[in-house]
Structures are given as C-alpha cells and as structure tokens.
Asker: 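Dropping the structure in here first, questions after.
The model shown is predicted, which means the values in this text are computed figures rather than measured ones. Note that these values count all heavy atoms, side chains included, but never hydrogens, waters or copies made by symmetry.
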Amino acid sequence: QVQLVESGGGLVQPGGSLRLSCRASGNSISIYRMGWYRQAPGKQRELVAGITSGGRTNYAESVKGRFTISREDAKNTVYLQMNSLKPEDTAVYYCNADILLYYSDSPNLYWGQGTQVTVSS
C-alpha cells in the first residue's frame, strides 16, 4: 500500500523559512503529479503548488516568489521551500500525489496526513 508522510512543519516567526518534505512509500510505484495544499481554520483547502513528473510547476498567486516546490524522484519525495513566511500562511499543509501501482491500470490520488505550519511572533 502507498503512504505519503509529511515532515518539516512547526512554529516560525514572520519573515522566517521552513522546508516541508513529503515522501511516498510503497513498492513498484510510479509517481506523476505531486502537490502541496493547505487548509487554514474555517477555510477550504487550497492549492499551494504543484509539480509534474516533467518538472513543470504552478503556484498560488499568494505564494509566488516566496515558495518553491521541487521533487527528488530517486527518493519519491516532494519538497516545499517556504521563505518570507507571513501569518496568513498559517495552516495545515498536505501533500498529494498521483501514483500508479504496478498492478493498476490508472493512477490514484493519495494524500498525506498533514503537517501544521504556524507563523507567529
């Protein structure tokens, strides 16, 4: 079975940086698009950034120029480098990935359990 495990969240002061990681575990898998989402209290989950298997990226307007998504396929891992953090970036951050299992005909979408990011002085 496939699991996505996030790490790297925590408490940071405004203007600070954090790096989130999300590793997909499982045997004989192919990972296509990977992404980061976030959900603040009382708000809907929203896309933060995505990256295709070819390395094409897209970002929410609110994080452009501050966040960078990248992936390391040899480790089945996606990263989110977050710089110049603001209080409004406070949320639970989730990664997801389209993953094809070796015995499947089509990929399925998997989600991580989430990691809390709090930006506060």
Asker: Any chance CD of E88 has more than 12 other-residue heavy atoms, nucleotides or ligands included, within less than 6.0 Å?
Answerer: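 Yes, the 6.0 Å shell around CD holds more than 12 heavy atoms from other groups.
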Asker: What's the shortest heavy-atom distance between I29 and A24, and which atoms?
Answerer: CD1-CB, 4.4 Å
Asker: Using the side-chain hydrogen bond (donor to acceptor under 3.5 Å, both in side chains) criterion, which residues pair with Y79? Sequence neighbours excluded.
Answerer: E72
Asker: With sequence neighbours left out, write down each residue that passes side-chain hydrogen bond (donor to acceptor under 3.5 Å, both in side chains) with T118, or none if nothing qualifies.
Answerer: Q116
Asker: Pairs in or reaching into residues 29-58: which pass ring pair (Phe, Tyr, Trp, His ring centres under 6.0 Å), with residues at least two apart or in two chains?
Answerer: Y37-W111
Asker: With rounding to the nearest 0.5 Å, note down the distance linking CD1 in I31 to OG1 in T77.
Answerer: 8.0 Å
Asker: Going by salt bridge (Lys or Arg N to Asp or Glu O under 4.0 Å), name the residues that satisfy it together with R66, two or more places apart in sequence or in a different chain.
Answerer: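 Salt bridge (Lys or Arg N to Asp or Glu O under 4.0 Å) list for R66, sorted by chain: D89.
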Asker: In chain order, what residues pass the side-chain hydrogen bond (donor to acceptor under 3.5 Å, both in side chains) check against K64, with sequence neighbours excluded?
Answerer: E61
Asker: Run the side-chain donor-acceptor check on residues 11-22: report pairs under 3.5 Å with partners two or more places apart or on a different chain.
Answerer:
residue	atom	partner	partner atom	Å
S17	OG	N83	OD1	2.9

Asker: Sub-3.5 Å donor-acceptor pair from the side chain of E6 to the main-chain atoms of Q113, do we have one?
Answerer: yes
Asker: For a quick test of reading the model, state the closest non-hydrogen atom pair linking P107 to L100 and the distance between them.
Answerer: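 Result for this residue pair: N-CD1, 3.7 Å.
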Asker: Write out all pairs satisfying side-chain hydrogen bond (donor to acceptor under 3.5 Å, both in side chains) with one or both partners inside residues 47-57, taking only residues at least two apart or from two chains.
Answerer: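 Checked against side-chain hydrogen bond (donor to acceptor under 3.5 Å, both in side chains) - neighbours excluded - no pair reaches residues 47-57.
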Asker: Does V92 share a hydrophobic cluster with V78, counting links as ILVMFWY side-chain heavy atoms below 4.5 Å and allowing steps through other members?
Answerer: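 No; tracing contacts between hydrophobic side chains, which count when under 4.5 Å, never links both residues.
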Asker: Applying side-chain contact (heavy atoms from CB on, under 4.5 Å), name anything that partners A49, two or more places apart in sequence or on another chain.
Answerer: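 By the side-chain contact (heavy atoms from CB on, under 4.5 Å) rule, A49 matches Y59, I69, L80.
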Asker: In chain order, what residues pass the side-chain contact (heavy atoms from CB on, under 4.5 Å) check against D73, with sequence neighbours excluded?
Answerer: R71
Asker: Over all heavy atoms of both residues, which pair between V48 and V63 is shortest? Give the atoms and the distance, please.
Answerer: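 Distance-wise, the nearest heavy atoms are O-CG2, 3.6 Å.
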Asker: May I have all residue pairs that pass side-chain hydrogen bond (donor to acceptor under 3.5 Å, both in side chains) and include part of residues 90-104, sequence neighbours excluded?
Answerer: R38-Y93
Asker: When you compare the side chain of N58 with that of L47, does any pair of heavy atoms fall below 4.5 Å?
Answerer: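 Yes, side chains in contact.
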Asker: For residues 24-86, which residue pairs pass the disulfide (SG to SG under 2.5 Å) check, not counting sequence neighbours?
Answerer: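 Non-adjacent pairs meeting disulfide (SG to SG under 2.5 Å): zero.
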Asker: The test is side chain to side chain contact (heavy atoms under 4.5 Å, CB included); show your working for V2 and N108 and say whether it passes.
Answerer: CA-CA 10 Å; V2 174; N108 289 307; over 6 Å; no
Asker: Does anything in residues 38-92 form a disulfide (SG to SG under 2.5 Å)? List the pairs, not counting sequence neighbours.
Answerer: none
Asker: If you look at every heavy atom in I51 and S70, which pair is closest and at what distance?
Answerer: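 So the minimum-distance heavy-atom pair works out to CD1-CA, 4.0 Å.
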